[in-house]
Number of protein chains: 2
Amino acid sequence: MTLGKCEICHKDCSLFNYGAQCCNACKMFFRRVISYKTPLLTCDNNEKCFESPNQNTECRLCRFQNCITAGMIQNQEKFNLSNVFPSLLQLENHKRFILENCQPSRDFTFEEATSVRTMDFVLKPLDVTFDSFDWEAMTQITTTDYLKKLNFSKMLTSADLKAFLKSSYLDCALFSTAMHYYSMKSGIIYFPEGIDVLPKETRVISAFKPEFEIGIKSRLIGRLAELKVTNEEFLLLNMIFICNPAARNISKTGSLLLANYQQMYSNLLLKHCQVNYQQQAPTRFTDLLSLCHLVAQTKRDICNIVLLLQFYQPGIKWKAMLKGAIEYLLEN
Amino acid sequence: MTLGKCEICHKDCSLFNYGAQCCNACKMFFRRVISYKTPLLTCDNNEKCFESPNQNTECRLCRFQNCITAGMIQNQEKFNLSNVFPSLLQLENHKRFILENCQPSRDFTFEEATSVRTMDFVLKPLDVTFDSFDWEAMTQITTTDYLKKLNFSKMLTSADLKAFLKSSYLDCALFSTAMHYYSMKSGIIYFPEGIDVLPKETRVISAFKPEFEIGIKSRLIGRLAELKVTNEEFLLLNMIFICNPAARNISKTGSLLLANYQQMYSNLLLKHCQVNYQQQAPTRFTDLLSLCHLVAQTKRDICNIVLLLQFYQPGIKWKAMLKGAIEYLLEN
DNA sequence: CAACTAGGTCACTAGGTCAG
DNA sequence: CTGACCTAGTGACCTAGTTG
């Protein structure tokens with residue numbers, strides 16, 4: 001009867017569950033994790049339990065990594081629109097509230113912001129005013145904080161979480177900002193209190209062309225308006241862009257997990273389009289996905305601005321957060 | 001071998017089952033549903049799974065809708081008198097018990113009563129007395145509750161269930177009341193405790209002719225007595241009248257399902273007549289079916305009374321239930 | 001007897017429960 | 001949190017009855 005072994009715990013087993021040959025115990029474990037019944041995942045063994053197959057201590061995180069490696073994947077059925085929207089919306093609103101009303105409890109570094117540790121925020125006194133750099137740093141910190149709260153973030157190893165956060169936070173921040181100001185009927189993006197997203201230092205750069213500025217401030221938002229993107233579509237698209245299995249330095253397991261989630265969000269968006277657009281669903285779906293290119297282009301524009309700033313204004317004192325972010329950005 | 005595709009799940013398939021080209025899996029699914037082995041049917045996807053043909057997630061309700069649309073129909077053989085009578089009788093008796101001994105747990109609206117949600121009843125204290133309007137509302141609520149418990153009701157989408165309930169509850173209530181008091185040897189209908197079915201407000205209407213009153217109270221019951229309608233005949237006739245494929249606002253699929261059931265109950269009644277009346281079976285069958293016109297006529301009379309009441313007694317405060325019911329009635 | 005179909009059986013899996 | 005055990009839905013396969 002026992003024709004094989006559980007791919008996770010290597011016990012004798014002939015069952016198939018969630019797409020992998022696995023015993024009942026591992027099935028139940030996987031199910032509890034992916035259904036967010038038991039969200040906390042840490043490893044006391046340097047996240048290397050699974051590297052030695054004869055190890056007798058397997059922590060929950062490493063056990064889950066094994067599940068993903070074995071190809072286990074959650075049933076799409078419970079991952080439906082009515083389950084997913086409310087939590088995404090709540091996270092998005094919470095992020096916006098923190099961004100507009102709080103400040104970080106101290107000067108976080110880029111490495112700290114992209115680590116597993118959570119960051120504290122305190123209410124911002126009314127007399128504190130942020131300049132463009134402050135807002136940029138604040139946006140990055142709230143965005144990484146937001147990304148860490150996503151369900152699948154808690155299923156990544158600390159190294160993969162870092163790789164994921166570094167690779168996705170900027171796309172997420174850009175897309176989310178554009179969507180926010182589009183929904184406020186604005187044609188360009190800015191920071192709260194009407195602060196320009198481009199620091200004043202850029203004004204004196206002779207090589208700085210107006211096309212650049214327009215590109216950054218209104219290319220993405222303009223397309224959102226053209227397509228009349230709804231909030232639901234944005235939330236799903238954002239997840240699809242974020243779950244990038246090709247994130248730099250990510251492990252094979254992390255990549256698999258992100259690919260699974262990207263697939264599920266993608267299916268969900270297609271379904272959403274089919275319900276709302278019938279025959280035009282494939283066109284709508286493609287139009288929405290093509291926003292990905294605009295986000296990437298905006299990111300390249302920002303990269304160029306940073307290079308120009310470094311060249312023309314070498315004396316700028318970057319905040320800890322921005323310094324690290326820029327280093328990562330220019331490493332590409 | 002594979003000359004076509006399953007009309008439900010679109011897999012390659014050359015079989016015909018239950019009147020449609022369909023694979024074994026869909027055959028088994030349909031069989032289980034119509035035999036009430038697996039009664040519960042809900043959709044998490046807004047009941048639109050079947051609107052997009054390439055969807056990978058198909059819920060049970062939508063899959064069943066597809067079966068009906070493909071023309072699948074149950075074998076009449078298992079749908080015989082000895083299977084059908086006991087459950088119909090039990091539902092009818094249960095409704096009568098609730099009507100005479102309970103009251104709604106709160107003031108339901110017409111929309112609530114015709115939604116999928118079940119309604120709660122509580123035992124009526126002995127000192128509570130109902131007037132004519134109370135009884136009318138109570139009759140409508142118990143009737144919709146009764147209709148929701150019919151097997152095929154659980155196979156309708158929520159929208160179709162609403163359309164079905166709104167279109168059928170009054171016929172059902174009128175016919176059932178008439179049958180009840182005919183079987184009690186009464187010549188006219190009334191409400192429990194001897195309450196007049198016509199509210200006292202009608203007495204002062206000058207345009208109110210006695211023929212009207214007689215029509216409503218004794219036309220139908222008189223004909224039941226003339227024909228000496230048996231309880232079995234009533235139960236089947238009631239189903240035939242209720243399963244009206246021409247219900248207003250019903251979808252094509254819902255209409256098909258009701259037509260199927262109407263056909264089956266109709267076949268059953270004819271068979272029942274043949275057993276009990278031999279050569280006179282066709283005559284008996286036609287006589288019984290003609291009761292349909294009397295129910296419709298009684299409904300028109302009620303419609304007229306409501307119009308008169310609204311004209312002569314504009315100050316009446318209708319209960320929530322009656323208000324919605326009247327609006328629907330007068331929309332025709 | 002060969003092709004076909006209604007209905008039965010049963011191994012299999014997703015998900016729930018509950019004692020430990 | 002864990003995992004043995006339970007339940008319900010599923011669909012491949014089987015059987016018996018029908019028909020040309």
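Within every chain, numbering begins at 1; the chains are lettered A, B, ... in the order of the sequence lines, protein sequences first and strands thereafter.
Rounded to whole Å, the distance from CZ on A:Phe64 to C1' on D:dC1 is 16 Å. Rounded to a whole Å, the CZ atom of A:Phe30 is 16 Å from the P atom of D:dG3. Look at CZ on A:Phe29: it is 6 Å from P on D:dT2, rounded to the nearest Å. Rounded to whole Å, atom P of C:dA3 lies 14 Å from atom CG of B:Leu15.
For the pair A:Leu88/A:Glu92, no side-chain contact is recorded, criterion being any heavy-atom separation below 4.5 Å from C-beta on. A 4.5 Å side-chain heavy-atom check between B:Cys273 and B:Arg284 finds at least one atom pair inside the cut-off.
Side-chain atoms of B:Gln262 and B:Asn244 form no donor-acceptor pair, as typed in the model, at a separation below 3.5 Å. A donor-acceptor pair shorter than 3.5 Å cannot be found between the side chains of A:Lys166 and A:Thr114.
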The contact string for nucleotides 15-20 of chain D, one letter per nucleotide 5' to 3', using protein heavy atoms under 4.0 Å with B, S and - for base, sugar-phosphate only and none, comes out as ------

Heavy-atom protein contacts under 4.0 Å, nucleotides 14-20 of chain C, coded B base, S sugar-phosphate only, - none: BBBB---

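Taking CG of A:Asn260 as the start and CD1 of A:Ile34 as the end, the distance is 10.0 Å to the nearest 0.5 Å.
Comment: A:Glu111 does not engage A:Arg117 in a salt bridge, judged by the lack of any side-chain N to carboxylate O separation of less than 4.0 angstrom.
The aromatic rings of A:Phe79 and A:Tyr265 sit perpendicular, their planes meeting at an angle over 60°, well past the 30° parallel limit.
The side-chain tip of A:Arg60 does not point at the ring of A:Phe29 from less than 6.0 angstrom away and within 45° of straight on.
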